[in-house]
Structures are given as C-alpha cells and as structure tokens.
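Report on the following structure.
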Amino acid sequence: MQQTWDASLYAGNGRFVALLAESLVETLDPQPGERILDLGCGDGFLTRRIAESGAIVVGVDSSPQMVAAAKEQGADARCVNAESLPFEREFDAVFSNAALHWMSDQDAVLQGVRRALKPGGRFVAECGGQGNIAAIRVALLAVLTAHGISAERIENNRFFGAVEYRARLESQGFLVEEITLTPRPTPLASGMGAWLETFRRSVLELLPQEERADAIEQIVSLLKPALCDREGHWTADYVRLRFEARRR
C-alpha cells in the first residue's frame with residue numbers, strides 16, 4: 001500500500017523519531033567529505049544533522065510530500081523508491097532510521113543498498129523490530145476489521161527479529177558487525193490520537209471520512225489501559241532493531 005504523509009503533522013507529532021536517533025548518528029560517525037545516503041530521509045531533519053559533520057549527504061524517500069519538505073530545509077533530497085535505488089558504488093555509507101519497516105521487498109532494498117555502497121562501505125540502520133507496537137497493532141486490527149477493512153490492508157509494516165535479519169543481510173553480501181533487538185518504550189507527547197493520525201494515516205484513509213474520528217476514538221479507548229498512565233501520559237510500545245554492517 002502506498003503510504004501518504006503530511007509533513008507538517010510529522011514535524012509536529014513525529015519529531016521524536018529523529019531526536020531519538022542521535023546515538024545512531026554517533027554510530028554512523030560521519031566524516032568530512034564522505035558521501036552518505038540517507039535511506040528514507042523523511043523531512044530531512046537527520047539528513048541535515050549528518051551534513052553538519054562535513055559529509056556530503058543525499059536523502060531519498062518515496063514520499064513527494066516529505067521530499068518537498070526536506071528540500072525546503074536545504075537538504076539534497078530526491079524522490080526515489082528504496083526498492084529500486086539507482087546508485088552504483090557511490091557512497092561510503094548508507095544510513096537509515098525508522099524507515100526499513102515500511103519497505104515491502106526487503107531483498108530488493110538490500111541489493112540496492114549494496115550496489116550503492118563502495119566496497120567495504122558501511123550500512124548503519126535502525127527500524128521497528130519484532131514485537132514493535134504490538135498492542136497498537138492489535139487495537140488497529142480489532143477496530144478496523146470491524147469497519148470492514150481486511151487485516152492484509154491494515155498490516156503495512158514488516159518487523160524482523162535480529163537472527164532473521166542478520167541472515168537476510170548476510171545473504172545479500174553484508175558482513176554484520178553488530179545487530180540488536182531492544183524494547184524502547186517511547187513517550188508520545190502529542191498523545192495516541194495524534195500518533196495514529198500521523199503514522200497510520202494511510203490505513204485510516206481507507207475509511208470513509210465520516211467514520212475516521214470514531215475509529216480513532218475506539219482505538220485510543222482500547223489502548224488506554226495498557227499505554228496511558230493515570231496522569232494521561234501515553235507511551236508507545238516500541239521495539240527497535242539496530243545494526244551495523246559492511247559491504248563485503
């Protein structure tokens with residue numbers, strides 16, 4: 001399913017995604033003059049952050065709205081499908097944060113990343129891993145299937161375990177230096193309703209306009225006992241898969 005994004009909503013409700021990636025940028029350790037590909041760059045916040053090192057950074061994303069927002073902020077951003085990357089031995093590193101789990105054909109993505117890297121080039125990434133947003137997914141399925149939407153259309157992410165994804169990376173010609181699967185409960189300052197409107201926009205748009213507000217209210221109500229404390233603070237049940245690998 002083609003994802004639709006609202007760049008202004010993302011900036012307001014989803015900025016935590018980039019802010020929590022500072023340690024991932026430190027792991028990347030970008031150097032002046034290096035060419036780095038930011039895979040799934042979104043609105044370019046981290047693209048520009050990496051460029052502060054003096055590296056030459058190209059951001060790619062499949063969302064025209066996000067690419068336009070990144071360009072407005074001065075990033076070199078291009079609208080490219082991650083499953084058909086056009087680069088050949090061009091980059092010293094590929095970086096990706098919170099994007100791989102949106103991509104359907106993982107083998108095509110990894111083949112493209114390997115082609116894009118120079119020999120020995122590094123691939124540093126973090127994405128949702130096995131168990132990510134488990135409670136949220138159950139609530140979405142419960143409410144949206146009752147509204148007549150099939151489970152196949154609701155489940156639009158791919159979350160892998162560390163053993164499985166290590167094998168996938170190795171099969172595509174990468175040497176995996178480290179890979180971890182880590183629970184990371186993540187506070188949602190804007191609340192669960194805003195999270196749903198930002199990160200499940202494409203799924204909610206499957207509903208008639210007049211049914212969306214009620215569906216969001218039902219999902220939030222189901223999740224409140226598990227993910228909201230007595231003071232009204234929401235926490236998303238995130239699990240992150242992070243790895244460092246190199247092109248053989």
Side-chain angles (χ1 to χ4, degrees), residues 1-7 9-11 13-14 16-18 21 39-43 60-67 69 79-85 96-110 112-113 125-161 164-165 168 181 184 186 188 190-209 211-220 222-223 226-227 234 236-242:
M1 179 172 60
Q2 178 63 41
Q3 304 302 317
T4 57
W5 295 91
D6 183 313
L9 270 180
Y10 188 86
N13 300 326
F16 68 88
V17 174
L39 179 64
C41 67
D43 63 2
V60 295
D61 202 283
S62 62
S63 166
Q65 298 91 346
M66 288 297 204
V67 169
C79 195
V80 173
N81 187 329
E83 297 172 7
S84 53
L85 293 174
S96 186
N97 179 60
L100 288 172
H101 54 254
W102 293 103
M103 303 170 191
S104 298
D105 190 341
Q106 291 288 311
D107 288 337
V109 172
L110 295 180
V113 169
E126 182 179 289
C127 58
Q130 184 177 7
N132 191 56
I133 60 167
I136 297 174
R137 294 170 80 188
V138 169
L140 278 162
L141 282 165
V143 172
L144 296 184
T145 53
H147 281 260
I149 299 175
S150 67
E152 292 76 15
R153 303 185 79 187
I154 298 167
E155 295 279 15
N156 57 354
N157 288 129
R158 302 194 69 189
F159 299 129
F160 295 93
E164 181 182 7
Y165 211 75
R168 190 174 290 268
L181 184 70
R184 193 196 68 194
T186 301
L188 301 179
S190 299
M192 182 55 66
W195 187 95
L196 292 166
E197 290 174 348
T198 303
F199 294 98
R200 287 299 177 269
R201 182 182 178 89
S202 300
V203 174
L204 292 168
E205 286 180 345
L206 297 173
L207 292 171
Q209 178 70 45
E211 295 181 19
R212 292 175 197 168
D214 182 59
I216 291 171
E217 184 177 344
Q218 291 178 52
I219 295 165
V220 169
L222 282 175
L223 289 170
L227 300 182
W234 284 89
D237 52 338
Y238 277 20
V239 178
R240 310 318 279 174
L241 179 70
R242 177 180 290 204

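Excluded from the calculations below are hydrogen atoms, water molecules and symmetry mates; all remaining heavy atoms, backbone and side chain alike, are included.
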I need the Glu126 CD to His101 NE2 distance, nearest 0.5 Å. 10.0 Å
Looking at every heavy atom in both Cys79 and Ser63, which two are closest together, and how far apart are they? SG-C, 4.4 Å
Do Leu181 and Tyr165 have side chains that approach each other closer than 4.5 Å (heavy atoms only, starting at C-beta)? no
Are any non-hydrogen side-chain atoms of Trp195 and Thr186 less than 4.5 angstrom apart? no
To the nearest 0.5 Å, how far apart are CG in Leu204 and CG in Leu196? 6.5 Å
Would the distance check show the side chain of Asp61 and the main-chain N or O of Val67 forming a donor-acceptor pair, the cut-off being under 3.5 Å? no
Search all heavy atoms of Arg158 against all heavy atoms of Met103 and return the closest pair with its distance. CD-O, 3.9 Å
Answer yes or no: is there a donor N or O on one side and an acceptor on the other, between the side chain of Asp237 and the main chain of Ala135, under 3.5 Å? yes
If we ignore angles and hydrogens, is there a donor and acceptor under 3.5 Å between the side chains of Arg200 and Asn157? yes
pair Leu222-Val138: side-chain heavy atoms closer than 4.5 Å: no
I would like to know whether Asp107 and Arg168 meet side chain to side chain contact (heavy atoms under 4.5 Å, CB included); could you show each step before the answer? CA-CA 8 Å; Asp107 288 337; Arg168 190 174 290 268; 3.1 Å; yes
Do Arg184 and Arg242 have side chains that approach each other closer than 4.5 Å (heavy atoms only, starting at C-beta)? no
Measure the spacing between CG of Leu140 and CD1 of Ile219 and express it to the nearest 0.5 Å. 4.5 Å
With distance as the sole test, does Glu83 use its side chain to make a donor-acceptor pair with the main-chain N or O of Asp105 at under 3.5 Å? yes
Kindly give the heavy-atom pair with the smallest separation between Ala98 and Arg240, and that separation in Å. CB-NH2, 3.9 Å
Say whether, by atom type as modelled, one donor and one acceptor occur between the side chain of Asp43 and the main chain of Ala69 under 3.5 angstrom. no
Please give me the minimum heavy-atom distance between Ile149 and Leu206, naming the atom from each residue. CD1-CB, 3.7 Å
Say you draw a straight line from OG1 of Thr198 to CG of Leu188; how long is it, rounded to the nearest 0.5 Å? 10.0 Å
Taking Asn81 for the side chain and Ser62 for the main chain, is one N or O donor matched with an acceptor at less than 3.5 Å? no
Distance from Leu141 atom CG to Ser150 atom OG, nearest 0.5 Å? 10.0 Å
Check Gly112 against Leu85 and note the closest heavy-atom contact, atom names and distance. C-CD1, 3.7 Å
Donor-acceptor contact below 3.5 Å, side chain Gln106 vs main chain Leu100: yes
Check: Leu207 main-chain N/O paired with Arg212 side-chain donor or acceptor under 3.5 Å: yes
Can you see which heavy atom on Thr145 is nearest to which on Ala151, and at what distance? CG2-N, 4.2 Å
Supply the atom-to-atom distance Phe159 CZ to Tyr238 OH, rounded to the nearest 0.5 angstrom. 8.5 Å
Determine whether more than 12 heavy atoms belonging to other residues, nucleotides or ligands lie under 6.0 Å from atom CD of Glu155. yes
Would you find a donor on one side and an acceptor on the other, under 3.5 Å apart, between the side chain of Asn97 and the backbone of Val17? yes
Do Asn132 and Leu241 have side-chain heavy atoms sitting under 4.5 Å apart? no
